Chemist: 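Shown below is the structure under consideration.
To find a chain, count down the sequence lines: A is the first, B the second, and so on, and within it residues start at 1. Because the structure is a prediction, the values reported are computed rather than measured.
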Amino acid sequence: MHIVVSAEGSGIGLRPMSDAGAPAGEQRVVEASALAREAAAEEAALARWTWDDTNNWYPALLAQGVRVDRAHDLRLAHAVLRASVLSARTALAEAGPTAWDRLAPVPPPGGPTATALTRPDRHPGSEPLFDLGEISAPARADRPAGDHRGNGRANGGAREQGDGRAPVEGRGPSPDNHLDPAAELTAQLRTIKDSTEPGRLRLLLAAESAGALAAAEMHHAGLPWRGDIHDEILTEALGPRPRPGARPAKLEDLANRIRDTIDAPPTLNPDSHPDLLRAMEYAGVGARSLRKWELEKLDHPVIAPLLEYKGLYRLYTANGWNWLDTWAPDGRFRMEYVVGGVVTGRWASTGGGALQLPHNVRRAVTADPGWTFVVADAAQLEPRVLAALARDERMATAGRSKDGASTDMYAGIVAAGVVDSREHAKLGMLGAMYGGTTGVSAQVLPRLARAFPHAIDLVERAARAGERGEKVTTRLGRSSPLPGDSWAAVQGSAFDEDAGADVQSRARSQTRSWGRFTRNFVVQGTAAEWALCWIASIRRRLWALGELSSESPQGLAPAPFDRRPHLVFFLHDEVVVHAPAALAEAVAQEVRAAADEAGRLLFGDFPVDFPLSVAVTESYADAKD
DNA sequence: TGTACGATCGTA
DNA sequence: CTCTTACGATCGTACA
């Protein structure tokens with residue numbers, strides 16, 4: 001049963017619909033303020049909440065302490081169904097683009113007040129509603145998978161700003177959109193039914209929507225962040241917080257050492273790369289760029305202080321006091337995930353750099369008193385996914401633990417006598433999945449191909465399909481975009497009679513580049529599907545663990561998670577659960593069970609393991625990665 | 001004063 | 001063969 005949510009004047013329409021997409025009762029219109037009460041009702045809890053965009057509605061429910069169990073995010077589902085080859089011969093895919101194709105993700109509510117200053121919203125009237133072609137065709141051929149996300153801030157309506165609180169009312173679609181969610185749901189369910197693999201698509205859309213719920217919940221709960229510890233880390237590394245406009249003491253010292261070493265004037269600003277490079281050239285350092293790996297090859301007294309300067313400068317500018325004030329001012333870092341923000345189906349993030357949280361500040365991520373973290377990450381997720389995708393039993397066997405032996409797949413590949421060292425196994429597999437053609441990975445590839453012919457053949461076929469300009473598709477049915485028009489133009493011009501060598505070589509390079517993209521797409525995309533199923537299962541299992549009794553430590557998490565373990569962080573193949581200490585072991589068990597469940601959902605009985613490394617710890621930094 | 005872009009580096 | 005994937009954030013510089 002679905003409950004389709006829509007804005008109806010000043011109220012909210014709730015329309016029951018069957019799982020076949022037929023009306024299952026009259027639409028009721030309720031006051032916006034009554035939505036949370038409706039959602040909390042027992043029968044509603046079992047329904048699938050269906051809405052244009054999860055971030056349009058769910059934050060208001062969470063703000064009232066109400067969780068929903070299941071959802072169907074029409075925007076996310078539409079994007080998948082439009083692109084998937086599994087639904088290519090359906091009315092929805094064959095029809096022209098609709099308003100649903102133009103929807104950009106709605107950003108989560110609240111956020112730092114600085115948001116409006118540092119991240120300019122588009123003017124509502126001048127929205128660059130991105131070209132529809134871009135959804136399936138990146139504009140820039142030299143950057144295969146970039147550039148076709150919608151603008152994360154172009155949400156068709158003004159973003160709430162100011163005090164950072166979520167509005168109680170849901171924000172419906174803006175008036176210039178003409179979206180009929182009930183009709184769209186009917187069309188989507190029909191499309192799934194008409195597809196070549198309804199089961200896979202149904203699972204993918206359920207997982208994608210569950211991901212949207214989880215992302216909203218993580219934003220709502222926030223990642224526990226000890227500002228005092230963060231400040232300690234910064235002070236220890238950089239010296240006390242400087243006055244605005246000044247360099248921290250340690251950076252100033254290093255800047256002086258750099259100037260002294262190369263006899264540069266005190267006016268030399270080490271932050272200006274052209275100036276610094278010129279001064280270094282004058283001193284005969286011999287550096288061609290300021291890349292770390294290139295500097296490391298040089299032998300000159302300026303290198304050491306320069307590398308240290310760069311490292312500290314990075315900490316100061318990217319995750320320093322300004323970051324702390326902006327993104328975690330009140331003991332929680334509320335990251336903004338963009339579900340489906342990456343073409344492969346991985347999540348992106350915007351604001352605060354949630355997916356780039358450097359290891360050296362993770363010590364600030366500390367559980368509330370009486371609570372703890374359960375940190376879990378999937379070991380060698382992508383090669384395991386590849387083994388299962390290709391149904392390569394020998395490769396799956398290499399990753400399966402026997403009699404408590406290592407669960408490390410790379411070690412298993414060594415043990416199977418395929419390659420000499422773990423490092424070779426790792427580099428070889430990465431090369432196979434990324435399309436590496438040089439160095440160790442290329443040397444080892446033939447051995448892998450002999451040992452695991454099915455797996456290597458799968459990625460090779462994906463690469464060749466991409467080189468032909470075809471789509472490739474993940475296990476559950478997410479299809480890659482097609483290369484853009486400029487791609488085809490370059491390919492075509494390379495066949496001209498008078499095509500120069502440069503044109504031909506550019507076409508060849510571009511072809512291979514797209515092949516590497518599609519090669520990686522099937523593996524990264526399927527791994528992302530496994531991860532979506534994993535978190536979907538985790539959040540359901542955590543809720544099922546129930547509530548602590550009222551004497552137990554309540555923690556500082558907001559309702560409805562104040563007495564319950566809840567997800568607070570997700571990073572591609574890793575999750576962090578914030579849990580009452582007494583429940584840590586139970587949580588760890590559920591997280592492992594969820595990984596097994598995800599494996600079965602994607603690959604059925606195929607004998608592949610997805611072992612986790614799980615740590616129970618007060619501080620995120622103590623979970624070794 | 002505001003916008004675009006390259007270089008760089010953080011994450012998986 | 002600038003030929004290992006996918007991202008986001010920040011800086012300074014160039015330019016309008």
Chemist: Can you sort out which residues in residues 456-467 of chain A have a heavy atom within less than 4.0 Å of DNA chain C? Ascending by number, please.
Modeler: none
Chemist: Distance check, P atoms only: B/dC9 and C/dT2, in whole angstrom units.
Modeler: 22 Å
Chemist: Are C/dT5 and A/Tyr434 stacked, with the base six-membered ring and the side-chain ring centres under 5.5 Å apart and planes under 30°?
Modeler: yes
Chemist: Centre-to-centre under 6.0 Å for A/Phe569 and A/Tyr620, is that the case here?
Modeler: yes
Chemist: What's the closest nucleotide to the side chain of A/Phe517 if the choices are B/dA12, B/dG10, C/dT5?
Modeler: C/dT5
Chemist: Return the value, rounded to whole Å, for the distance between atom CD of A/Glu336 and atom C1' of C/dC7.
Modeler: 16 Å
Chemist: Polar atoms only, N or O, under 3.5 Å: list the protein pairs with nucleotides 14-16 of chain C and their distances.
Modeler:
none

Chemist: Under a 4.0 Å heavy-atom cut-off, which of residues 518-527 of chain A touch DNA chain C?
Modeler: A/Asn520, A/Gln524
Chemist: Indicate, with a heavy-atom threshold strictly under 4.0 Å, whether A/Leu381 touches base, sugar-phosphate, or nothing.
Modeler: nothing
Chemist: With A/Asp253, which residues qualify under side chain to side chain contact (heavy atoms under 4.5 Å, CB included), at least two apart?
Modeler: none
Chemist: Do the charged groups of A/Asp325 and A/Arg241 touch, with an N to O distance under 4.0 Å?
Modeler: yes
Chemist: In whole angstroms, how far is the C1' atom of C/dG8 from the CG atom of A/Leu571?
Modeler: 12 Å
Chemist: Should A/Arg291 be listed as having a side-chain N or O under 4.0 Å from OP1 or OP2 of B/dT8?
Modeler: yes
Chemist: With sequence neighbours left out, write down each residue that passes side-chain hydrogen bond (donor to acceptor under 3.5 Å, both in side chains) with A/Asp73, or none if nothing qualifies.
Modeler: A/Thr54
Chemist: Please set out all donor-acceptor pairs under 3.5 angstrom arising from side-chain atoms of residues 425-453 of chain A, sequence neighbours excluded.
Modeler:
{"residue": "A/Ser441", "atom": "OG", "partner": "A/Thr438", "partner atom": "O", "Å": "3.1"}
{"residue": "A/Arg447", "atom": "NE", "partner": "A/Val418", "partner atom": "O", "Å": "2.6"}
{"residue": "A/Arg447", "atom": "NH2", "partner": "A/Val418", "partner atom": "O", "Å": "3.2"}

Chemist: In whole Å, what is the span from the CD atom of A/Gln504 to the P atom of C/dC3?
Modeler: 19 Å
Chemist: Whole-Å distance between C/dG8 P and A/Arg314 CZ?
Modeler: 14 Å
Chemist: With sequence neighbours left out, what residues match A/Ser613 under side-chain hydrogen bond (donor to acceptor under 3.5 Å, both in side chains)?
Modeler: A/Asp377
Chemist: Looking at A/Glu296 and A/Arg291, is any side-chain nitrogen of the basic one under 4.0 Å from a carboxylate oxygen of the acidic one?
Modeler: no
Chemist: With a 6.0 Å cut-off on ring centres, are A/Phe570 and A/Trp534 close enough?
Modeler: no
Chemist: When you look at A/Asn520 and A/Gln524, which way does the side-chain contact (heavy atoms from CB on, under 4.5 Å) test go after all the steps?
Modeler: CA-CA 6 Å; A/Asn520 185 246; A/Gln524 186 183 116; 3.2 Å; yes
Chemist: Within the supplied structure, the quantity of interest is the number of heavy atoms (other residues, nucleotides, ligands) at a distance under 6.0 Å from A/Arg506 CZ; does it exceed 12?
Modeler: no
Chemist: By side-chain hydrogen bond (donor to acceptor under 3.5 Å, both in side chains), which residues pair with A/Arg516, not counting sequence neighbours?
Modeler: none
Chemist: Which distance, rounded to the nearest 0.5 Å, do you find between the CD of A/Glu470 and the OG1 of A/Thr518?
Modeler: 9.5 Å
Chemist: Return the minimal non-hydrogen interatomic distance between A/Gly477 and A/Glu529, and the atom names on each side.
Modeler: N-OE2, 3.9 Å
Chemist: Using the side-chain heavy atoms of A/His359, tell me which of these nucleotides is nearest: B/dT11, C/dC7, B/dT8.
Modeler: B/dT11
Chemist: Counting only side-chain nitrogens and oxygens, does A/Arg516 get under 4.0 Å of the OP1 or OP2 atom of C/dT4?
Modeler: no
Chemist: side-chain contact (heavy atoms from CB on, under 4.5 Å), that's the test. Do A/Asp392 and A/Leu458 meet it? Break it down for me.
Modeler: CA-CA 10 Å; A/Asp392 193 316; A/Leu458 185 141; over 6 Å; no
Chemist: What is the separation between atom CZ on A/Arg346 and atom P on C/dG8, rounded to the nearest whole Å?
Modeler: 12 Å
Chemist: Whole-Å distance between B/dG10 C1' and A/Met335 CE?
Modeler: 15 Å
Chemist: To the nearest 0.5 Å, what is the distance between CG on A/Leu357 and CG on A/Asn319?
Modeler: 6.5 Å
Chemist: Set out, line by line, the N/O atom pairs under 3.5 Å between protein and nucleotides 11-13 of chain C.
Modeler:
{"residue": "C/dC11", "atom": "O3'", "partner": "A/Tyr313", "partner atom": "OH", "Å": "3.0"}
{"residue": "C/dT13", "atom": "OP1", "partner": "A/Ser272", "partner atom": "OG", "Å": "2.3"}

Chemist: Can you give me the bend angle of the helix from B/dT1-C/dA16 to B/dA12-C/dT5? Use the axis through the first five pairs and the one through the last five, nearest 10 degrees.
Modeler: 0°
Chemist: Rounded to the Å, how far apart are A/Leu355 CG and B/dA12 C1'?
Modeler: 9 Å
Chemist: Using a cut-off of 4.0 Å on non-hydrogen atoms, how would the nucleic acid contact of A/Ser505 be classed: base, sugar-phosphate, or nothing?
Modeler: nothing
Chemist: By side-chain hydrogen bond (donor to acceptor under 3.5 Å, both in side chains), which residues pair with A/His230, not counting sequence neighbours?
Modeler: A/Trp225
Chemist: Output the rounded distance in Å from CD (A/Gln510) to C1' (C/dC1).
Modeler: 15 Å
Chemist: Which residues pass the salt bridge (charged side-chain N to carboxylate O under 4.0 Å, His left out) test with A/Glu467, not counting sequence neighbours?
Modeler: none
